[in-house]
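Here is the structure we will look at.
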Amino acid sequence: MAAALVSFILGQLATITFETAWQELKLVIGVEEEVRKLQSNFEAIQEVVEDAEVKQVVDKSVKRWIDKLKDVASDMEDVLDEWNTALSKLKTDEAESASIPKKKVRLSRLPFNLGGQVIRGYDIGDKIRRVNVELDEIAKEKDGYHFARSEMTQPRRLERTTAYVDVSVIKGRNDVRDEIVSKLTSDEGSIQTVSIIGMCGIGKTALAQLVVNHVKGQNSFDDVVWVCVSDFFDLVKIAREILEGLRCGSSRDLISLQGLLDNIAEKVRDRKVFIVFDDVWTEREADWEALRAALQHCKHGIRILVTTRKESVVKVIRSSHVFRLELLSDEICWEILKSKTFFGREESERRDLEDVGMRIAKKCKGLALAAKELGSLLRQKRRRVEWERVLNSGFWELEIAEEYIFRPLLLSYYDLPSTIRRCLLYCAIFPKDYVMGKDELIVHWKMQGFLNSVDDDSEMLLKGEEYFEYLADRSLFQDLGRDHYGNIFVGKMHDLVHDCLLFMTKDEIVTKEVDSKETWNLDLVSKRARHSSIKISQPNSFPVCINGVESLRTLITIGESYDVTFEGLKKLFSEAKCLRLLDFQLPKIRKVSEQIQVPEEIGNLIHLRYLTFLSYQSLELPESVCDLRNLEYLNIANCSKLPKEMEKLINLKYLYTSDCNRLSHYPKGVGRLTSLQRLDRIIARVDCNHTTDFSVGDFENLDLLRGDLWLELEGNSINIEEVERAKLHNKIHLMELRVVFRSNNTGHEMKDNFIKALNPRPNFHIHFFGI
């Protein structure tokens, strides 16, 4: 995460440096040198941060260094966002007000009132200086660690697998073993490739070993060769291992790849050969081309078995058959765990521990690796209370987690580009077993600035889809839901992956689950919390007090039965001024007649990009919501009245109000939200161009709208000029209108007049309801 954050800060600095206002700020208050130092320090750190992120796993002092770097980089991101917001407000206010004197305004002296905060140029300068002091210290400390300067550093994969295994310890895979053996021993094709794919720890290597053991017993092949590919792809090394497996003596005398492949082609010519490539990572088809050509000299056919955690590898190696390994049952996990733990124990001791052990087996969630390592841990624990402690702990809290359980997962993590690592780590904020909607998650990533490597908004969304599918391809998401076109739209994380992410983020992402009815507080003071989620499982109150929220960027509440007070929200909005994403699913337990009143202090959240208020009672938004100039996403339910000055939300791209049935009209300012892309519902006057209410002609400048729209038309007649003013033909991304006339005396004549005046483009869909 640190690498992507540093890269983002450097990009922001480079952009802002060329702003006229920024140039003036540097010259007037003397921070030009500070900005230069800031860029220099970040650039020097950027060269080594990849190596540091890898080493932090095994070196706690490096972890502390990385944590300090992330804190400082996040603080700098807030400073830059604050300045951009102030500058945007100044430009907007100048454009809207004709009363501003036409004279040069010294931006460094000008105060900006943002959400109750007075921002001055010299305030920004002071904050940059303070950040630089901290960054100077961090930059000096890095030299003591002797980090490697490289674009990408991965931990060495030291464990080498072999074909040898005690088959009695492999449980639950005999059926799939038999299917694979059947494919391998068929007479189809000269080169037959079977792939086993699945997430880390599911048992791919064990299944391959089981297959090899079975094949050897059948004497189906002249030679069986095992090659552990998992280290960085080295075709020379792989070729030598194949020759050794073919019992060709030492291949060390052969230096060139050509010589090695010539020998392979000669040795396999008259033999029937089975080769296992275990733990394949490379996604470059070119890596395999020369070896494939050499193996094609085999007259009797080569059979290849590949294990991988990447879907893309399956395509690259041209698999003829693919086996996507399923999770083991709880019963099989218990068999694996029991075989590790109960050896040498008395029968009475076994009976005492069996019920706890079976519940621990369920924690494995079908992963053979987890069952094996938990079994090894429990073998050392004799007392029931020790087993119960393991049962009630997350994987990330166990002493074996880092070295034995998470280490294979970390290989998948460090194999990701730094930009995608940041997106994956963020997923730890959701509870276990949470079904993540792809579109929902991409919007979250976007609002956090994780997709800012591209400028265009539609390009960001495409980049988000690419990231999501990249993670799914590597088996880091599972239980994927697909639409009828085969596109992924939902996914989940395995508990082990979730715990690994919590282990890596620790105090940075804080999750809390409440399952009691007691009044409670949430204390984040001792943590470095940037993101937090609260899952409330029982009818309860939102925390009376959340302490330590000053640096919090994300707050998500999950649960349908909890209460929240006006005072609690007021305190939160007054203190959590760095929030970028706020997601509230408000209570079911109040009386329907009561109203949820959102405090004016919500206007303090000048960094806020994403706001969801889903209430089962009437919701009242204050006018100060319109001060949230960075707001891009607004999703509300049961709101009875929208703020009047909606046009101030100049960056709003998503406005969802389909569940706001109490709304009688929409403010005219919605028509000035020219960045708006998604609008699920709106009420529009169709009989006139109303002075304060949104009218159908106010669609005129909303040319970025896309998807479909529920349109409720108000009025007893059709104003042709007003409908024509909507210029529907300019909305090339808007695909469908679903139209309702709210008037009681609507007839087909009004419908026909509306369509004629609207003049939709060919293939545009309009559906009318209630006529």
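No donor-acceptor pair under 3.5 Å is formed between the side chain of H494 and the backbone N or O of Q478. A donor-acceptor pair is defined here as one N or O able to donate and one able to accept, closer than 3.5 Å; no such pair exists between the side chain of S533 and the backbone of I556. In terms of modelled atom types and a separation under 3.5 Å, the side chain of Y467 and the main chain of I442 share no donor-acceptor contact. Distance alone, capped at 3.5 Å, places no donor-acceptor pair between the D51 side chain and the F147 backbone. Of the possible donor and acceptor atoms, none in the side chain of S195 sits under 3.5 Å from a partner among the backbone N and O of V322. Using a distance-only test at 3.5 Å, with no hydrogens or angles considered, a donor-acceptor pair links the side chain of H498 to the main chain of F430. Not a single donor-acceptor pair under 3.5 Å links the side chain of T505 to the backbone N or O of E508.
By the 30° and 60° cut-offs, the orientation of the rings of Y426 relative to F450 is perpendicular. Using bins of under 30°, 30° to 60° and over 60° for the plane-to-plane angle, the ring pair F342/W387 lands in the parallel bin.
From R324, atom CZ reaches atom CD1 of I197 across 6.0 Å, with rounding to the nearest 0.5 Å. One finds the CD1 atom of I275 at 5.0 Å from the CG atom of L295 (value rounded to the nearest 0.5 Å).
Among residue pairs with one or both ends in residues 168-180, none qualify as salt bridge (charged side-chain N to carboxylate O under 4.0 Å, His left out); sequence neighbours excluded.
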So W288 and T282, side-chain hydrogen bond (donor to acceptor under 3.5 Å, both in side chains) or not? Walk me through it. CA-CA 9 Å; W288 294 100; T282 182; 5.2 Å; no

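With a 4.5 Å cut-off on side-chain heavy atoms, L411 and W281 count as touching.
Between the side chains of N213 and Q209, no donor N or O sits under 3.5 Å from an acceptor N or O.
Salt-bridge annotation for D279 and K204: absent, with no side-chain N of the basic residue lying under 4.0 Å from a carboxylate O of the acidic one. Taking a cutoff of 4.0 Å between a charged side-chain nitrogen and a carboxylate oxygen, D355 and R384 qualify as a salt bridge.
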